[in-house]
Amino acid sequence: MRTRFGVSALAVGIIGALCAAFFAVIAGQVSSPRPVAAQSSAPPITRQANGKPDFSGIWQANNTANWDLVTHEAMPARVMQTGVQGLSPVPAAPMLALGAVGGVPPGVGVVEGDVIPYKPEALQKKQDNFEHWLDRDPEIRCYQPGVPRAMYMPYPFQILHGTNKIMMVFEYANAQRTIHLDQVEPYPNDSWMGHSVGRWDGDTLVVDVTSQIDKTWFDRAGDFHSDALHVVERYRMLSRDAIWYAATIEDPNVFTRPWTIAMPLYRRLEPNAQLMDYRCIEMVEELLYGHLRKQPLVRTWEGQTMTVSVERKVPPPDVLYER
Amino acid sequence: MRTTARFPMYVGALIAAVTLAIAWEGTTVAAQQRAAAPAAKAPRTPWGAPDLQGIWNTNTAVPFERPREYGTRAMMTEAEHAKALAELQERNQRPGRDSRTVGGQPGIGTEKDVARAYNEFWFGDKPTRLSYRTSMIINPEDGRMPAYTPEAARRIADKRDFLAALLQGTSGGRPGPVSPRRAERSPDYNLDRINRADGPEDRGGPERCLGDNLPVTMGTGTFGGVMQLVQSPDSVSIYYDVGQGQGFAWVIPITNRPHLPKSLQLYHGDAIARWEGDTLMVDVTNFSDETNFRGSRENLHLIQRFRRVDANTLQMEITAEDPTTWTAPWMAVQELERADEKTTLVLEGGCHEGNYGLLGMLLNTRAAEKAFAEGTGPDPATQDNATGGGGDN
């Protein structure tokens, strides 16, 4: 909705804040789900031998948080360009042929208060990321998504709740993370999926996530963080088939205060639910390396009503190696 | 992945495997005898299943295929073991790769030396123990891979010829002019390191971060690998940290469902597991033609068994068949050692995210072509960018 107006970043910020305030009313209290499990007819949650909830299963978020963590209107495309009137931008060339399939679905926010408390200079960078989404979003390049983004991408993931460790395996990019319930040494460097240490707070699993690299994002709207990111996740069974997931995000380099997202994660109830391959490394080779082929491969696409032309560029070395 | 290993870091390991039989691990005769005893006290999970969980790796060397001198004997005698262990220890003392020669001359600074890329530092962590097993393969009884079917032998030879043609006239290939076959496509879905970099498809699977092949046997030493196994009541997950960041997660459901339709090809196959007593039996089908385990592609049928031999030993048994590749099924066994979970962290791979190597190889080749066209550099077709340097010793 922000690029629709095609105006200065300041105005975008003001309008964004107004929209956020408006939608916050609609969004309500994101962290206060109704206690489904309390209903007497609901089957009890699965528990482990030690009495703690067992989070094992195949799960998936069902929201638009991966598009934008805060409340957002539908957009014709994530990348737009000026149309015939200032208020009517049109999908930019790389999105145009996709039509309604290439649009951004609307959604109420998952952020408490519906505002991400950016520092002023960081807000500028977020806007810049938004404008350059196609060049910058690590998801486009099949990079591991980091935490919390991995938890609400539009792909299933499996939790294996073991004795001393919990493993999560994500269909997207075969990403994985281990939550250590036992005592382990600190992680020696930064990583894409971070280092997770879990503990119990009653029936809630609390996970401390550190050692994350600064290259992951939170969503397709350019929301970002630095390597000072510290995430505290809380997993609570709402019912046998739903987890209430909350994550508090702290990064003093980027945000003025900690902020929290929350959402349900739903069990995939299909009897034949299983993780399959979304092995995207190979899928993005043309995107990442096509401009370095001896003979360029993808140059144009011809449809009945449209020809889409692709001009490959070799960026300067610092950009080439930093992307 | 090891079958397609043309990465320089594997070269050392492969040479070691072939010449000194040290690349893979096994167990002692004593452990083997324990393995034969009923595992009455196999550890249990809190929900009562056999507990296979832990971080597992090995520092005990055993070759995958048996050196011919042992014939059909699966185990060494004490005298043979003492001799082989002494050879292993002697080998560990040698200066290794840094002292290799090229054409009888010191290799330092030559094209081959540079192509090897990894100096001895990267191979610093050597196996210290040697199995009594003469090979991981226990069937066929000579401990060696069964013969290829004529069809498989032909396709493998076709590929070998293609690879050799593209090396012709370079320091890593046979003498001769630049081959006209440089303009050809690879005869298979390429996972080898071709001496060409027209696009990413010419580079090896590991260079493209596509080296996450099943089945995995663990190596020893610096690049040996480690696996973390976590269980829930209805699934098992293994994270393999192998091959310099080719790490991958393998989720194995414990279920009675049938396999997916044959037409569905999955890179890690369709795994279905069940308990056979205290052994987890994993049946894997539906592999993809983009996988390659010792010549086998989409028709691989893999059965892997995991069981706890004792508190500190996990035994993996691999049974593989592919009538389009091998004339007989084969079976291999490997024992893994339990690592201290407090101090052993299994690190994330991140191969693709940090893959500057593939980018650099393509960029550099385009630059070399430009230099050649401008008369300021050699023809890239006459340079060896595939063999990882090799060397005389």
Side-chain angles (χ1 to χ4, degrees), chain A residues 46 48-50 54-57 138 141-144 158-167 169-170 173-178 180 182-189 191-193 195 213 215 271-272 274-277 279 281-282 284-286 288-290 292-295 297 314 317 320-321, chain B residues 45-48 51 53-54 196-201 208-210 212 228-239 247-251 253 255 257 260 264-268 270 288 290 341-353 355-356 358-363 365-366 369:
Chain A
T46 310
Q48 297 208 310
N50 63 5
D54 184 345
F55 291 102
S56 295
R141 297 193 198 109
C142 183
Y143 291 171
Q144 294 175 74
Q158 184 160 354
I159 299 179
L160 291 101
H161 195 145
T163 314
N164 298 321
K165 297 187 192 294
I166 295 173
M167 249 189 105
V169 182
F170 303 88
N174 189 243
Q176 59 85 36
R177 58 186 290 216
T178 299
H180 302 278
D182 49 350
Q183 263 212 327
V184 292
E185 301 275 307
Y187 206 77
N189 58 359
S191 64
W192 289 80
M193 296 300 288
H195 180 59
I213 199 169
K215 293 179 187 298
N272 58 351
Q274 70 172 102
L275 290 193
M276 292 178 70
D277 290 343
R279 202 164 173 265
I281 294 176
E282 201 182 352
V284 299
E285 278 186 335
E286 184 56 29
L288 296 180
Y289 310 115
L292 300 174
R293 283 187 188 281
K294 187 173 186 179
Q295 300 292 340
L297 202 59
V314 180
L320 188 72
Y321 286 101
Chain B
T45 63
W47 57 91
D51 193 345
Q53 296 176 101
R196 190 174 68 183
D198 287 356
E201 297 83 358
R208 296 161 68 192
C209 301
L210 304 177
D212 47 337
Q228 172 183 283
L229 194 152
V230 174
Q231 262 172 274
S232 67
D234 68 2
S235 295
V236 169
S237 173
I238 300 175
Y239 181 71
F248 67 102
W250 185 30
V251 179
T255 171
R257 73 162 168 80
L260 295 170
L264 258 174
Q265 294 194 346
L266 301 176
Y267 194 82
H268 297 136
D270 180 42
S288 141
E290 298 188 10
E341 289 192 31
K342 184 173 186 303
T343 55
T344 311
L345 277 177
V346 181
L347 304 183
E348 175 182 282
C351 177
H352 170 64
E353 291 81 357
N355 195 354
Y356 300 115
L358 182 54
L359 195 67
M361 183 57 79
L362 296 172
L363 202 59
T365 307
R366 299 294 84 80
E369 286 161 356

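We name chains A, B, ... by the order of the sequence lines, and we start the count at 1 in each one. It should be emphasised that the depicted structure is a prediction, and the values quoted were computed from it without experimental measurement.
In this structure, B:Met361 and A:Tyr289 have side chains that are not in contact, with every pair of non-hydrogen atoms separated by 4.5 Å or more. Using a 4.5 Å cut-off on side-chain heavy atoms (C-beta onward), B:Tyr239 and A:Thr178 make no contact. In this structure, A:Lys294 and B:Arg196 have side chains that are not in contact, with every pair of non-hydrogen atoms separated by 4.5 Å or more. Taking the side chain as every heavy atom from C-beta outward, B:Pro200 and A:Glu286 never approach each other to under 4.5 Å. Put simply, the side chain of B:Pro233 does not reach to within 4.5 Å of the side chain of A:Thr46, judged on heavy atoms. B:Leu266 has its side chain within reach of A:Met276: a pair of non-hydrogen atoms, C-beta onward, lies under 4.5 Å apart. Side-chain contact between A:Ile281 and B:Arg208 is absent, with no heavy atoms from C-beta onward closer than 4.5 Å. Side-chain contact between A:Val284 and B:His352: present, with at least one pair of heavy atoms (C-beta onward) separated by less than 4.5 Å.
To the nearest 0.5 Å, atom CH2 of residue B:Trp47 and atom CG of residue A:Asp54 are 7.5 Å apart. Remark: A:Gln176 CD to B:Ile238 CD1 distance equals 12.5 Å, nearest 0.5 Å. Rounded to the nearest 0.5 angstrom, B:Glu353 CD and A:Arg141 CZ are separated by 11.5 Å. Atom CE of residue A:Met167 and atom CD of residue B:Gln228 lie 5.5 Å apart, to the nearest 0.5 angstrom. To the nearest 0.5 angstrom, B:Leu210 atom CG is 5.5 Å from A:Glu285 atom CD. The distance from the NE2 atom of A:His195 to the CG atom of B:Leu347 is 10.0 Å, given to the nearest 0.5 Å.
In terms of heavy-atom pairs under 4.5 angstrom with chain A, the leader among B:Pro46, B:Ala249, B:Gly199 is B:Ala249. With respect to chain A, the highest number of heavy-atom pairs below 4.5 Å among B:Gln231, B:His268, B:Glu201, B:Arg366 belongs to B:Arg366. Counting heavy-atom pairs closer than 4.5 Å to chain B, the top-ranked of the candidates A:Gln183, A:Glu185, A:Arg279 is A:Arg279. Most heavy-atom pairs under 4.5 Å with chain A, from the set B:Leu358, B:Thr365, B:Thr45, B:Val346: that is B:Leu358. The candidate from B:Asp234, B:Leu260, B:Asp51 with the greatest count of non-hydrogen atom pairs under 4.5 Å with chain A is B:Leu260. Contacts with chain B were tallied for A:Ser191, A:Ala175, A:Ala49; A:Ser191 has the most, counting heavy-atom pairs under 4.5 Å.
Between the side chains of B:Ser235 and A:Gln158, at least one donor N or O lies within less than 3.5 Å of an accepting N or O.
In this structure, the portion of B:Asp270 lying under 4.5 Å from any heavy atom of chain A is its side chain and not its backbone. Interface residue B:Val230: backbone and side-chain heavy atoms are both found under 4.5 Å from chain A. Residue A:Ser56 touches chain B through its side chain alone, counting heavy-atom pairs closer than 4.5 Å.
Closest approach of A:Pro188 to B:Leu345, counting heavy atoms only: CD-CD1, 4.3 Å.
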